[in-house]
Amino acid sequence: MEEGKVRMYVCGPTVYNLIHIGNARPMIVFDTVRRYLEYKGYEVNYVSNFTDVDDKIIAKANEEGVSAEEISKRYIEECKKDMAAMNVKPATTHPLATEEIGGMIEMIQTLIDKGYAYPVADGTVYFRVKKFSEYGKLSHKNLEDLQSGFRALQVSGEEQKEDPLDFVLWKPKKEGEPAWPSPWCEGRPGWHIECSEMSKKYLGEEIDIHAGGEDLIFPHHENEIAQSECCNGKQFARYWMHNAFLNIDNKKMSKSLGNFFTVREIGEQYDLQVLRFFMLNAHYRSPLNFSRDLMEASRNSLERICNGAQRLQFLEKNAVAVDMTAAESEELQKIKNTYIGKFEEAMEDDFNTADAIAAVFELVKYANTQVNEESSGAYVHGVYGILKQMCDVLGLIIEKEEELLDEDVENLIAERQAARKAKNFARADEIRDQLSDMGIILEDTREGVKWKRA
RNA sequence: GGCGACAUAGCCAAGUGGUAAGGCGCGGGUCUGCAACACCCUUAUCGCCGGUUCAAAUCCGGCUGUCGCCUCCA
């Protein structure tokens, strides 16, 4: 909407527990969208909320005998740790629903004033769905479909609605629940109005991109559209992006099936970069199946990229020639066009990260076969730069911190080298095993001995 | 019942009209004292049936299979 800028809202998690790997998918996917837009020079105002008042949070609080606030604060902190471990950038703003109640009340009041909402006797406020003729435009549902497919089981409070399709904007407090004063009753906001308000406050009445999991299309996003467009009189979001689900053994993840994994659990077994790679290896709109085998495959794949990157760093550091030759300069421009070209083309085709990753692998192959000891430092640096640029956009970290080994380890490596020279391979292998037990893996490359952490 | 999505090699996964990217894995080989890394070679005619077209994984129809959503559930 505004030259050089993007306003983007992503529905965030309800913080009643550690986030699971299903929650991680939109975080990783839309963080990558953001990174690409920033890479292209856009200034991205990225807003993602935490839903910190909700039945599940309250239930958890009662279970533990603490306040709802204590629960939500705790899991917001844990969620931020997981996000950092997945290399998900913090949002420009992470609003909390409970801190935006005033704005929500104002929006609800406006909707009532315009005739789009109505309070009932107990103080509940409902949205009058039939008043908004475009209701269903996002989820491709029409009111007849909704009514014909209407479930026989009705929720409590149904009898006070004007129409079964109407949804809650404000609900009265129940015993022991957190509540805020409002013109209608002491209570708390409905879930949908929270996002409408937070999006409006931090991004404005119209935004460029609104994103979230595909399960949110109906009713959550449909209801957000109804609320925001009726309240503000403007188109709410220009683009909607929805990621498909992450399944386990082709089934929706759920606690009852026992196929529920938190990001924290996976992080104990794998570097979460592997999880990130795994998710980006498929298109965000395709359902993705999660399994241990697939994580193993992803780990191996990612390692290939990291190995290639480390080799380049090594070659650069040990390059004999410093400056690029004219031929190298020309070649660098050529590969930039080829690989960055393919990468951008993929990303600009609805963020086809799987295809973009293929471009990364092709560059790695190029580097492994065409870049060598005879390449100039500047040239190697240039190739590495291209690789790093692509990986940065994907949020994959390939740059390892320069790490110094302690003296004992250094000495062991030196001793092993001496043993190898003396053809005392038994001793050499013994040392290698010893280092392996310490978590250090040695590789005898043509360029010298390299090591890495297991 | 209503609405919608998907079906490509052992596995994951790109590819929406011109004769199948990439990765993992398997097997063979080169390099290495060995191992690892890397490199080379090898691994598919795209769920089934029919149609449109000079040409289809790609378009149309039918069938089969899997999955998602259907109002206080994130």
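The structure displayed is predicted, hence computed values, not measured ones. Protein chains get the first letters and strands the later ones, always in sequence-line order, with residue 1 at the start of each.
A:Arg285 contributes no side-chain N or O that forms a donor-acceptor pair with the base of B:A5 under 3.5 Å. Contact of A:Asn300 with B:G25 (side chain to base): no donor-acceptor pair of N or O atoms is detected under 3.5 Å. Interface remark: the A:Arg304 side chain does not form any donor-acceptor pair with the B:C37 base, using a distance-only criterion of under 3.5 Å.
Distance CD1 (A:Ile19) to P (B:A74): 17 Å, rounded to an integer number of Å. The distance from atom CD1 of A:Ile248 to atom P of B:C67 is 15 Å, rounded to the nearest whole Å. The OH atom of A:Tyr270 sits 16 Å away from the P atom of B:C24 (whole-angstrom rounding). Rounded to whole Å, the distance from CG on A:Asp52 to C1' on B:A74 is 15 Å. Atom CD in A:Glu194 sits roughly 16 Å away from atom P in B:C72 (whole-Å rounding). One atom, CZ of A:Phe277, and another, P of B:C24, lie 9 Å apart when rounded to the nearest Å. Protein atom CD of A:Gln417 is 11 Å distant from nucleotide atom P of B:G33, rounded to whole Å.
Remark: ring of A:Phe425 overlaps the six-membered base ring of B:G33 in a stacked fashion, centroids less than 5.5 Å apart, planes less than 30° apart.
Comparing A:Glu214 and A:Arg432 against RNA chain B, the residue whose closest nucleotide sits nearer the 5' end is A:Arg432. Each of A:Arg416 and A:Ile441 lies near RNA chain B, and the nucleotide nearest A:Arg416 is the one positioned closer to the 5' end.
Of all nucleotides present, none satisfies the Watson-Crick or G-U wobble test against B:U16 with each distance under 3.5 Å. Within the shown strands, nothing qualifies as a pairing partner of B:A9 under the Watson-Crick or G-U definition with both distances less than 3.5 Å. In this structure, B:C3 and B:G68 make a Watson-Crick or G-U wobble pair, each of the two defining distances being under 3.5 angstrom. In this structure, B:C39 forms a base pair with B:G29, meeting either the Watson-Crick or the G-U wobble geometry with both donor-acceptor distances under 3.5 Å.
Here, B:A57 and B:C67 have their P atoms 28 Å apart, quoted to the whole Å. The gap from the C1' atom of B:G18 to that of B:A56 amounts to 9 Å, rounded to the nearest Å. Separating the C1' atom of B:G4 from that of B:C41 is a span of 45 Å, rounded to the nearest Å. For B:C73 and B:A5, the P atoms lie 28 Å apart once the distance is rounded to whole Å. For B:G47 and B:C6, the P atoms lie 13 Å apart once the distance is rounded to whole Å. The P atoms of B:C63 and B:U16 are separated by 27 Å, rounded to the nearest whole Å. B:U32 and B:A38 have their C1' atoms separated by 11 Å, given to the nearest Å. Straight-line distance between the P atoms of B:U58 and B:G50: roughly 14 Å, to the nearest whole Å.
Looking at A:Phe167 and A:Gln227, their side chains come closer than 4.5 Å, going by heavy atoms from C-beta outward.
Side-chain atoms of A:Lys56 lie closest to B:C73 of the nucleotides B:A21, B:C73, B:G23. Relative to the side chain of A:Thr369, the nucleotides B:C39, B:G22, B:C24 differ in distance, and B:C39 lies closest. Of the listed nucleotides (B:C34, B:G23, B:C40), B:C34 has the atom at the smallest distance from the side chain of A:Asp429. Ranking B:C40, B:C37, B:A74 by closeness to the A:Pro219 side chain, first place goes to B:A74. With B:C70, B:A21, B:C34 as the choices, the nucleotide that has an atom nearest any side-chain atom of A:Phe218 turns out to be B:C70.
Contacts of A:Asn368 with the nucleic acid, taken as non-hydrogen atoms under 4.0 Å apart, involve only primed sugar atoms and P, OP1 or OP2. Residue A:Glu303 is out of contact with every strand shown, counting any heavy-atom pair closer than 4.0 Å. Using a 4.0 Å heavy-atom distance criterion, A:Lys171 is classed as a base contact.
Counting heavy atoms of neighbouring residues, nucleotides and ligands inside a 6.0 Å radius, atom CD of A:Glu296 exceeds 12 of them. Residue A:Lys137 qualifies as enclosed at atom NZ: its count of foreign heavy atoms under 6.0 Å is above 12. Residue-environment remark: NZ (A:Lys336) stays at or below the threshold of 12 foreign heavy atoms within 6.0 Å.
Side-chain polar atoms of A:Thr124 and A:Trp170 form no donor-acceptor pair below 3.5 angstrom. A donor-acceptor contact closer than 3.5 angstrom is absent between the side chains of A:Asp31 and A:Tyr46. There is no side-chain donor-acceptor pair under 3.5 Å between A:Tyr135 and A:Glu229.
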Original post:
Which parts of nucleotides 10-18 of chain B does protein reach within less than 4.0 Å, heavy atoms only, written one letter per nucleotide 5' to 3' as B for base, S for sugar-phosphate only and - for none?
Top reply: -SSSSS---
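For B:C40, the OP1/OP2 oxygens have a side-chain nitrogen or oxygen of A:Lys365 closer than 4.0 Å.
Shortest non-hydrogen contact noted between A:Met279 and A:Arg25 is SD-CA, 3.3 Å.
The salt bridge (charged side-chain N to carboxylate O under 4.0 Å, His left out) search around A:Asp82 returns A:Arg264, not counting sequence neighbours. Residues satisfying the ring pair (Phe, Tyr, Trp, His ring centres under 6.0 Å) criterion with A:His94, sequence neighbours excluded, are A:Phe50.
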